[in-house]
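Proteins get letters first, then strands, A, B, ... in listed order; numbering begins at 1 in each. Excluded from the calculations below are hydrogen atoms, water molecules and symmetry mates; all remaining heavy atoms, backbone and side chain alike, are included. This structure is a prediction, so every number in the text was calculated from the model and none was measured.
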Amino acid sequence: MTTQGKHLLTVHDITLAYEDQAVISDLSMDVDAGSFIGLIGPNGAGKTTLMLALSGQFHPARGRIEFENSDIYKANDRYKGRIGFVHEAPFAYPYFTAEEFLHLIARVKGVPVDHIPAQVRTALEAVCLMDERHKLTSDLSMGMKKKLAIAAATLGRPNILFLDEALNGVDVESAFHIKEMLKDFVARGGTVILSTHILEVIEKICSRYVLLKAGRIIADIQADAFAAGDEFKHGDLEQYVVSLLR
Amino acid sequence: MATAGLLFIGILLGYGAMGTGLFIQPDADKLLEIFFKEPFVLFIVLLIIWFTASMRVVTGRLLEYRYLNSLPLSSKRLCCYFFVQDLRRFRWVPLCVLVILVGLLTVAPMVYLCRVAMLTILSYGLVISLVLIAHLETGRNSRINYLYRLAPWRTLLSIAFFALLICTGLVVPQLISGVFFWPVVAVLVTVIFALLRLAQLRFERWRRQNRAFVSPEVRKDRRNVGRGRMSLLFDRISALNPWLGKNLLAALRRRQGGVLFLTALFIALSYLASMNNQLMHHRMYVLLAIAAIYSVFFAAQTIDRFASSEESTQIIYALPVSKSAWYGSIFFPALGWLTGIYTLFGALIAMYSLKLATYFWLQSLFIGVVVLILALNSALISFPDVKTGKKYFIYLILAMIVLSALFYKYHLLIMILMILFSLLRIFRVKLYRMAAS
């Protein structure tokens, strides 16, 4: 993994638009290795679209995104092998058991065959899904599917994890274990970009808060600086975010 | 649309069932001789496609039922909604039957075919209402969701009933001629309305019980995923190509016994139809034509493997997917299936000529490979838009047929060029979304 402090991802003036509307306009940002970024913003602010672009799934109309100084859309497959993505409503093949699904993902991600069973087991344990590993994915609840998607994202020892509303709907105990796992992942040099509406989660575990509004970054704050409270008189992330969004 | 349909039925009735025309009948022997050659095979192919299309609807319908059931709508309205929706969804079935009937104009009078067309339309309505009522027929003590478990057999029986009605109209022309015609129409219409009323009552009962959906735990109990055996197979094949392993495992777990049965039926009927020809090589060419048509339909169906119901863009876009491995995982099983069909046909031909069987096998395999490549290329080029993929495939097939017919001497070259043309576009396909500029 890359050492902490270097820019792992660099975003240069990207613009993203769907057929009928622009979502992100001229956005630039850097992501350091070992950072835990909380992406905050109202519905429609462009959080998911930005995450898709950063994860190599949505080519910007303008601008470019670099991972370790190379364009992520030029070496797209290589880049995708080094990240993990959890969607808001994750998909899993219905005819597979949870364990088989993870085996498939591990193979697609190019995990060496000998390492697959151990990695799958670790991933299942991390999200508290060991007891459900032989269940068909179609028999899993939405919360369990999310846990399965998180487990799948961690396979192949990725450098970056993108979590789009990943903790919504996950039970308290599992959410606790997942948060611990994410903290551990970051402590070992990994990078997490988490998008959620639950500010308590962001406040508790993120090292940086990025606030998006109408496709633009309106605040980019280090958690330490925010906690020190010199510039941010509110001292409470929720109040601060609401005051900026007004 | 409804007005046009009623007008059409009015014209059919006016022309086929009024005055002296009502008593006109065809030469039954001549009609049957022609019908049980190629038109009958087309008819069976059509029914198989209808069955397959119906099966695709079942899973989506479960969610639709569940959602609509949560709305304050009357059972009568919902029941009519499902009926009309199904009538519209499969309206291509009676239309295709009418086209097949037009092919019989040389041996049967128009007035008589109009009456068969009426019978077709009424039988279609009858089958749709039968399928609907069967969908809603959920027993009080049932632990199993009928929508899943019995749907294939119910639909199969209903479609077979439809085929039987049409064939009876053709085999026994006097049943829909003269004094018998109007009573037959009256009985069919009455039965349709009675079934609709019954469907409405069943729907009300189903809503009251609200037991149509079983919990995941119950479903889990009855699903035998055969984990140990499957996992071993999955592991071995997945080591070569993870997508291939995934597709084979999914195919095994779907338990498509109905499809196997229908395919066997199709092969047997095709062979019987080809036996109408005296010359052996004519039989072979009839089977070759049937195999080619089957290949095109099968290839078009294979495009659905790229649909969102089968493959998620979430997975394909988020993971480092190798295009060739993914493509191969759909191509090789599909080719394996087609080869199996060709081999069965070939084995039947080999009973009277090994040479002709070899020729048939090689020719059909060549056609199958070309058609499959064109279909999968079209699907991949348009991914994830399956509709555009199918449209593109139809254009390619039509262009290939027309160009090959015009320049038959170069038909091989034309096929190769079309494949290369579509392959060139595949190289440019990116497995991520492009932002609008």
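To the nearest 0.5 Å, atoms NE2 (A/H87) and OG (B/S312) are separated by 7.0 Å. For the atom pair CG (B/L431) and CG (A/N76), the distance works out to 8.0 Å, reported to the nearest 0.5 Å. Distance check, rounded to the nearest 0.5 Å: OH of A/Y93 to CG of B/N247 gives 8.0 Å. In this structure, CG in B/N241 is found 11.0 Å from CZ in A/R107, a value given to the nearest 0.5 Å. Summarising the geometry, atom CD belonging to A/Q57 is positioned 11.0 Å from atom CD1 belonging to B/I316; distances are rounded to the nearest 0.5 Å. To the nearest 0.5 Å, atoms NZ (B/K246) and CZ (A/F96) are separated by 6.5 Å.
When the salt bridge (Lys or Arg N to Asp or Glu O under 4.0 Å) test is applied to A/D26, the partners found at least two apart in sequence or on another chain are A/R62. Applying the salt bridge (Lys or Arg N to Asp or Glu O under 4.0 Å) rule to B/R425 yields no partners; only residues at least two apart in sequence or on another chain are considered.
For the pair A/L52 and B/R433, the minimum side-chain heavy-atom distance is 4.5 Å or more. Inter-residue side-chain proximity for B/P320 and A/K109 is flagged as met; some heavy-atom pair is nearer than 4.5 Å.
Few gaps surround CZ on B/F266; more than 12 heavy atoms of other groups in view lie less than 6.0 Å from it.
Heavy-atom minimum distance, A/A61 versus B/A435: N-CB, 3.5 Å. The minimum heavy-atom distance linking B/L319 with A/K80 is given by the pair O-CD, 3.5 Å.
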- Applying side-chain contact (heavy atoms from CB on, under 4.5 Å), run through A/V108 and B/W243 and close with a yes or a no. CA-CA 8 Å; A/V108 174; B/W243 298 104; 3.7 Å; yes
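Looking at B/I315, only its side chain comes within 4.5 Å of chain A, counting heavy atoms on both sides. No part of A/V113 comes within reach of chain B, as not one of its non-hydrogen atoms sits under 4.5 angstrom from that chain.
The interface of residues 375-384 of chain B with chain A, defined by heavy-atom distances below 4.5 Å, is empty.
Residue pairs satisfying the ring pair (Phe, Tyr, Trp, His ring centres under 6.0 Å) criterion with at least one member in residues 44-65 of chain A, sequence neighbours excluded, are listed as follows: A/Y18-A/F58, A/H59-A/Y73, A/H59-B/Y432.
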